[in-house]
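To start, the structure itself, in structure tokens.
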Amino acid sequence: MYAVVAVFNPELERAIIQVWDELKEKGISAYASQVRDRRPHITLGDFPELDPVRFSEDFVHHYCDHSPIEIRLSSIGSFIRTGILYYSPVLSEELAALHRDFHRQFLLPDGNESSLYRPGSWIPHCTIANRLSTDEQLKAFQLVKDREIPQGTIAGLSLLDLRVQGEAPEIATVSFGEQTAGTKVV
């Protein structure tokens with residue numbers, strides 16, 4: 001499985017990591033440490049299979065001139081019967097356009113039809129915690145409900161390799177608003 005995720009500017013990323021760290025310190029959720037080098041993100045799409053070399057080249061080329069997108073995480077949500085708590089962004093036209101463009105450009109004809117990230121099914125979110133009991137979910141909500149989260153930007157996109165449990169290496173990355181994009185292929 002592979003995923004393409006939108007990543008944030010450093011200040012917004014640090015603010016979310018602080019929430020993750022506090023949830024772990026209080027024994028509520030170890031979400032952040034379940035995957036090595038996990039970064040805060042919003043998933044745009046996932047693929048059961050793809051050619052990572054070719055996809056990486058096309059992906060970086062397509063987004064290398066993209067501008068950062070303003071983002072405001074303005075609400076807290078939970079998916080029913082999942083034990084997941086997340087920050088939800090305002091679905092601006094720019095964020096919706098990024099998602100539509102990604103799927104128009106990169107959705108494989110034999111793609112994952114049941115994916116929750118497809119247009120019409122997508123609920124943009126940045127996971128704060130997962131696998132929470134009802135009691136843990138209430139504690140996590142109490143911890144984050146009045147916290148100020150800075151506004152920020154989607155600063156780029158990353159292609160993640162999710163085939164090994166506990167790992168999600170970035171195969172390709174592209175930074176918005178920079179003349180050079182970083183690419184690495186496993």
Side-chain angles (χ1 to χ4, degrees), residues 1-26 28-46 56 59-60 62-79 84-92 94-99 101-102 116-117 122-132 140-162 164 166-184 186:
M1 175 76 66
Y2 298 86
V4 171
V5 299
V7 295
F8 307 124
N9 64 297
E11 181 183 34
L12 181 53
E13 185 172 285
R14 276 191 303 276
I16 295 166
I17 289 171
Q18 287 174 347
V19 171
W20 288 352
D21 290 346
E22 191 170 341
L23 287 166
K24 185 174 181 180
E25 287 168 13
K26 294 187 182 293
I28 299 170
S29 172
Y31 170 75
S33 61
Q34 292 168 351
V35 172
R36 184 178 17 200
D37 300 324
R38 176 171 270 159
R39 294 177 66 189
H41 64 273
I42 295 173
T43 303
L44 296 181
D46 60 349
S56 296
F59 167 74
V60 170
H62 183 75
Y63 288 108
C64 66
D65 293 328
H66 205 287
S67 298
I69 296 172
E70 295 293 322
I71 190 161
R72 186 166 45 106
L73 300 173
S74 62
S75 62
I76 302 166
S78 178
F79 294 115
I84 293 174
L85 194 67
Y86 59 82
Y87 285 124
S88 183
V90 171
L91 185 56
S92 66
E94 294 81 9
L95 179 57
L98 176 67
H99 184 253
D101 176 69
F102 171 75
L116 298 176
Y117 303 108
W122 186 53
I123 299 172
H125 66 282
C126 176
T127 301
I128 303 168
N130 68 351
R131 299 183 183 123
L132 299 171
F141 179 78
Q142 286 295 325
L143 188 134
V144 300
K145 71 179 181 68
D146 294 322
R147 184 180 298 261
E148 278 292 320
I149 295 296
Q151 292 186 37
T153 61
I154 291 176
L157 301 178
S158 291
L159 171 63
L160 305 179
D161 182 344
L162 305 175
V164 176
E167 297 183 19
E170 294 180 354
I171 298 172
T173 60
V174 60
S175 297
F176 292 171
E178 292 184 12
Q179 294 293 61
T180 58
T183 304
K184 56 184 172 185
V186 176

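The side-chain heavy atoms of Glu13 and Arg39, taken from C-beta on, include a pair separated by under 4.5 Å. In this structure the side chain of Phe176 reaches within 4.5 angstrom of the side chain of Leu98, judged on heavy atoms. Taking the side chain as every heavy atom from C-beta outward, Tyr31 and Ile128 never approach each other to under 4.5 Å. By the 4.5 Å heavy-atom criterion applied to side chains, Phe79 and Ile123 are counted as neighbours. Between Tyr86 and Ile76, the closest side-chain pair of non-hydrogen atoms is not below 4.5 Å. With contacts defined as side-chain heavy-atom distances shorter than 4.5 Å, the pair Glu170/Leu160 qualifies. The shortest distance between side-chain heavy atoms of Ser33 and Lys24 falls below 4.5 Å. Looking only at side-chain heavy atoms (C-beta outward), His66 and Val174 stay at 4.5 Å or farther from each other.
With Thr153 as reference, Asn9 is the one residue of Val7, Asn9, Leu12, Ile69 to meet the side-chain contact (heavy atoms from CB on, under 4.5 Å) rule.
Residues Val144 and Tyr87 come closest through the heavy atom pair CB-OH, 3.7 Å. Shortest non-hydrogen contact noted between Thr43 and Ala3 is CG2-CB, 4.4 Å. Considering every non-hydrogen atom in both Pro124 and Pro89, the closest pair reads O-CD, 3.3 Å. The nearest pair of heavy atoms linking Ala140 to Leu85 is CB-CD2, 3.6 Å. The two atoms that bring Arg38 and Ala32 nearest to each other are CB-O, 3.6 Å, heavy atoms only. Considering all non-hydrogen atoms of both residues, Ser74 and Val90 come closest at OG-CG2, 3.3 Å.
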Inset, instruction - Check the pair Trp122, Leu91 against side-chain contact (heavy atoms from CB on, under 4.5 Å), reporting the backbone distance first and the verdict last. - result: CA-CA 11 Å; Trp122 186 53; Leu91 185 56; 4.0 Å; yes

Inset, instruction - Would you please test Phe8 and Cys126 for side-chain contact (heavy atoms from CB on, under 4.5 Å) and show each step? - result: CA-CA 10 Å; Phe8 307 124; Cys126 176; 3.9 Å; yes

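One distance of note links CG of Leu44 with CG of Leu157; it measures 6.0 Å at 0.5 Å rounding. The distance from the CD atom of Glu22 to the CG atom of Leu143 is 4.0 Å, given to the nearest 0.5 Å. Rounded to the nearest 0.5 Å, atoms CD1 (Ile154) and OG (Ser67) are 12.5 Å apart. Atom CD in Glu11 sits 10.5 Å away from atom CD1 in Ile149 (nearest 0.5 Å). Atom CE in Met1 sits 11.0 Å away from atom CG in Asp161 (nearest 0.5 Å). Put simply, CZ on Arg14 and CD1 on Ile16 are 11.5 Å apart, with the number rounded to the nearest 0.5 Å.
In this pair, His125 and Tyr117 present their aromatic rings parallel. The plane angle is below 30°, not in the 30 to 60° band. Aromatic ring orientation, Phe59 versus Tyr63: perpendicular (interplanar angle above 60°, classes split at 30° and 60°).
In this model, a donor atom of one side chain and an acceptor atom of the other lie less than 3.5 Å apart for Gln34 and Arg131.
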